[in-house]
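Predicted model, so just to flag it, every value in this text is computed and none were measured. Below, read A as the first sequence line, B as the second, and so on, with proteins coming before strands; counting in each chain starts at 1.
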Amino acid sequence: MWKNGLINSIKDPNLQIISSEIAVVIKDKYPKAKYHFLVLPREDISSIFNLTREHLPILDELRLLATNAIEISGEKEKHFNIGFHAIPSMTRLHLHVISRDFNSPCLKTKKHWNSFNTKLFLDYDDLYKELKLKGTIQRIDLTLAKELENTPLNCNQCNFVAKTVPNLKEHLLKHIE
DNA sequence: GTTCTAGAAC
DNA sequence: GTTCTAGAAC
């Protein structure tokens, strides 16, 4: 089943960037930017909705490995989005670590873009705070989710609004030196 | 999550 | 006529 793809990827040493006793960093199979890593716990936590306060130390570890992976890439951490999808498709909790260029042939749809550039993307710090405060992560409202998926294609680096996905991708190239 | 592709949009 | 999006996949 495709939903289990990530769990198989963890086991493949060829895909691993770095790992610890607690978690593993792999390259996303379909990277949506120049750098796109996933940080997954070894513990079988299926998604953000299964998290409790007991897992806060694991989140700390995921965040630490995210920083390590970025260091290996040679880029600056401020050029990355670090967080979780509010509506994950694949099982096994995974922290996205993605460079803000979004320059990749695998970025193809409006939903792809909006999943990283609207409230469909939960910043690590915000999720961490919610978990600490409430002890659980609230599921996003389905109607709101649909609205967010259909948000106009706003550039993440200026106030340009693209008409189509190819139009956005062409525009994003201007922000790359 | 992706692939495929019908038909909408241009 | 070509580009682009969006829904089914048994």
Could you tell me the boundaries of the chain A footprint on DNA chain B, defined by atoms under 4.0 Å from its heavy atoms? B:dG1 to B:dT3

Students often get this wrong, so: under 4.0 angstrom with heavy atoms, is A:P166 touching a base, only sugar-phosphate, or nothing? sugar-phosphate

Shared hydrophobic cluster, A:L131 / A:V39 (ILVMFWY, side-chain heavy atoms < 4.5 Å): yes

Please report the closest heavy-atom contact between A:Q157 and A:L172, naming both atoms and the distance. NE2-CD2, 4.0 Å

Would you indicate whether the side-chain heavy atoms of A:E130 and A:Q138 approach each other to under 4.5 Å? yes

When the ring planes of A:H85 and A:H96 are compared, do they come out parallel, tilted or perpendicular, using 30° and 60° as the limits? tilted

Centroid-centroid distance, A:H94 to A:F37, less than 6.0 Å: no

Would you call A:R63 and A:E77 a salt bridge, using N to O less than 4.0 angstrom? yes

Once pairs are restricted to Watson-Crick or G-U wobble with both distances under 3.5 Å, how does DNA chain B read as a dot-bracket string, [ ] for crossings and | for other-strand pairs? .|||||||||

Kindly determine whether A:N50 and A:S47 satisfy side-chain hydrogen bond (donor to acceptor under 3.5 Å, both in side chains), including the steps that lead there. CA-CA 6 Å; A:N50 300 91; A:S47 81; 3.3 Å; yes

Validation row, ring centre A:H79 to ring centre A:Y35 under 6.0 Å: no

For A:H112, report the nucleic acid contact type (base, sugar-phosphate, nothing); a contact means any heavy atom under 4.0 Å. sugar-phosphate

Answer with base, sugar-phosphate or nothing: what part of the nucleic acid does A:K163 contact at a heavy-atom distance below 4.0 Å? nothing

Looking across every strand, which nucleic acid part, if any, lies under 4.0 Å from A:K110 by heavy atom: base, sugar-phosphate, or nothing? nothing

